[in-house]
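One structure is given below, encoded as structure tokens.
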Amino acid sequence: MTVLQTAQSFETPVENGLIDPFGRAVTYLRVSVTDRCDFRCTYCMAENMSFLPKKDLLSLDELDRLCSAFIERGVRKLRLTGGEPLVRKNIMYLVRQLGRHIGQGLDELTLTTNGSQLARYASELADCGVRRINVSLDTLDPEKFRKITRWGDFNRVMEGLDAAQKAGIAIKLNTVALKDFNDSEMPALIQFAHGRGMDLTVIETMPMGEIDEDRTEQYLPLSKLRSDLEQQFTFHDLTYRTGGPARFVKVAETGGRVGFITPMTHNFCESCNRVRLTCTGTLYLCLGQNDAADLRSVLRTDGSATAIDTAISEAISRKPKGHDFIIDRSNNRPSVARHMSMTGG
Ligand code: SAM
Ligand code: SF4
């Protein structure tokens with residue numbers, strides 16, 4: 001069986017490493033530590049979301065146990081996400097616990113955040129070994145920021161970026177491309193990011209979960225955005241990969257990098273190296289499919305290291321070949337019913 005070479009799998013694979021039926025090494029675990037958030041981005045959540053009862057959530061120690069089991073099986077990169085990971089109570093306890101694995105099997109501990117709590121936590125994150133983070137930012141206009149996030153405060157996010165950079169944490173900005181909302185702002189976002197030494201990745205909206213808006217109205221194909229940007233910037237394709245689905249270009253005018261994530265117009269599944277754990281202990285094997293395994297029940301019944309290991313192996317043996325996002329235009333229903341905030345993107 002050929003093991004596809006991904007950015008995370010260039011290391012010597014561990015003996016009991018996780019290889020899926022298509023020969024892909026699973027070396028990247030994304031963990032949604034909460035489904036809650038202090039924002040309500042219009043493309044991600046409805047304004048009146050109902051959240052999970054706290055008893056359904058894995059405790060921080062249970063999350064630590066599962067993450068550690070994955071690291072034992074060759075996971076090299078761990079990303080905490082959500083909902084908003086930094087609103088989970090006592091989250092720094094988990095970050096510190098997981099930070100102990102860095103250099104001992106784990107290459108990188110990172111997180112994706114909306115930035116609202118970064119000013120408070122940046123130096124502690126750096127102290128726990130976090131060296132890079134992704135911060136979501138869809139506009140540079142404070143009023144538009146309030147509109148798209150419904151509840152967010154732009155200035156707090158800016159303070160968060162300052163604090164993270166001051167703590168020595170590298171930042172990649174993530175921007176969801178939204179038709180008639182931020183398409184005209186993209187050049188300014190690129191200049192802003194590169195002016196501060198940050199990469200920027202643009203993401204197509206994906207049809208996940210019921211929201212209050214019409215998704216077809218929000219959808220902006222990145223092929224169109226890219227050709228518009230090429231009127232203004234010179235892009236050189238790069239082979240640089242972060243182990244994720246983004247394809248990067250170097251922008252000649254700024255010297256910085258822009259990534260494009262195109263789940264709708266270009267399928268990126270062939271090099272997929274990741275699985276996703278939700279805050280309830282459900283392991284999703286693909287962002288765009290419903291195949292999953294209930295690791296919480298394993299934890300809370302047998303709970304032995306062997307039982308957890310067996311459940312992880314069984315799940316990986318069912319990882320599907322790829323996703324198949326569609327928006328059902330007859331009723332505008334999303335093709336995947338769960339919200340992105342459940343699996344963290
Ligand atoms: N709250 C954190 C944040 O916003 O960065 C982490 C969780 S959020 C679900 C992770 C990423 O998913 C964000 O960059 C967000 O913009 C993106 N996202 C959310 N819903 C999406 C959708 N339907 N399509 C594409 N990206 C989405
Ligand atoms: Fe919250 Fe992130 Fe979803 Fe926005 S994208 S509502 S910040 S989870």
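First listed ligand is number 1; within each ligand, the first listed atom is number 1. All values below come from the heavy atoms of this structure, side chains included, with hydrogens, waters and symmetry mates left out.
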With atom 6 (C) of ligand 1 as the reference point, say which of Gly83, Ser136, Cys41 has the nearest heavy atom.
Gly83

Ignoring angles and geometry beyond distance, decide whether Met206 reaches within less than 3.5 Å of ligand 1 through its nitrogen or oxygen atoms.
yes

Where ligand 1 meets Thr205 - atom numbers and elements under 4.0 angstrom, heavy-atom basis
24 (N), 25 (C)

What distance do Lys144 atom NZ and Asp138 atom CG have between them, rounded to the nearest 0.5 Å?
10.0 Å

Please determine whether any non-hydrogen atom of Ser32 lies less than 4.0 Å from an atom of ligand 1.
no

Give a yes/no on ligand 2: does Gly83 have at least one heavy atom closer than 4.0 angstrom to it?
yes

Compare all side-chain heavy atoms of Phe154 with those of Thr139 and state whether any distance is below 4.5 angstrom.
no

Check ligand 1 against Cys44 and write out every atom of the ligand that is under 4.0 Å from a heavy-atom position of the residue.
19 (C), 20 (N)

Answer with yes or no whether Met45 contacts ligand 1, where contact means a heavy atom under 4.0 Å from a ligand atom.
no

What are the two closest non-hydrogen atoms of Ser32 and Gly83, and how far apart are they?
OG-N, 4.2 Å

Ligand-side contact atoms (ligand 2) for residue partner Cys41, heavy atom cut-off under 4.0 Å:
4 (Fe), 5 (S), 6 (S), 7 (S)

Is any side-chain heavy atom of Asp56 less than 4.5 Å from a side-chain heavy atom of Arg296?
yes

Do any N/O atoms on Tyr43 end up under 3.5 angstrom from N/O atoms on ligand 1?
yes

Sequence-distant partners of Phe39, ring pair (Phe, Tyr, Trp, His ring centres under 6.0 Å), two or more places apart:
Phe145

Interfacing atoms of ligand 1 (cut-off 4.0 Å, heavy-atom, Val176)
16 (O), 26 (N)

If I take every N, O or S atom of Cys44, is at least one of them less than 2.8 Å from atom 3 (Fe) of ligand 2?
yes

Of all the atoms in Cys37, is at least one N, O or S atom closer to atom 4 (Fe) of ligand 2 than 2.8 Å?
no

What atoms of ligand 1 come within less than 4.0 Å of a heavy atom belonging to Gly82?
7 (C), 9 (C)

By side chain to side chain donor-acceptor pair (under 3.5 Å) - contacts of Thr310 (at least two apart)
none

Okay, side chain of Glu62, backbone of Ser59: is any donor-acceptor separation there less than 3.5 Å?
yes

Going by the order shown, which atoms of ligand 1 are within less than 4.0 Å of some heavy atom of Thr113?
2 (C), 3 (C), 5 (O)

Enumerated ligand 1 atoms positioned under 4.0 Å from heavy atoms of Glu84:
1 (N), 2 (C)

Minimum side-chain heavy-atom gap Ser116-Leu86 below 4.5 Å:
no

Which atom pair, heavy atoms only, marks the closest approach of Ala164 to Ile171?
CB-CD1, 3.9 Å

Given that the side chain starts at C-beta and the backbone is N, CA, C, O, which of these parts of Thr81 lies under 4.0 Å from ligand 1, counting heavy atoms, or is it both or neither?
side chain

Test item: Leu66 and Leu277 side chains (from C-beta on) under 4.5 Å apart, heavy atoms:
yes

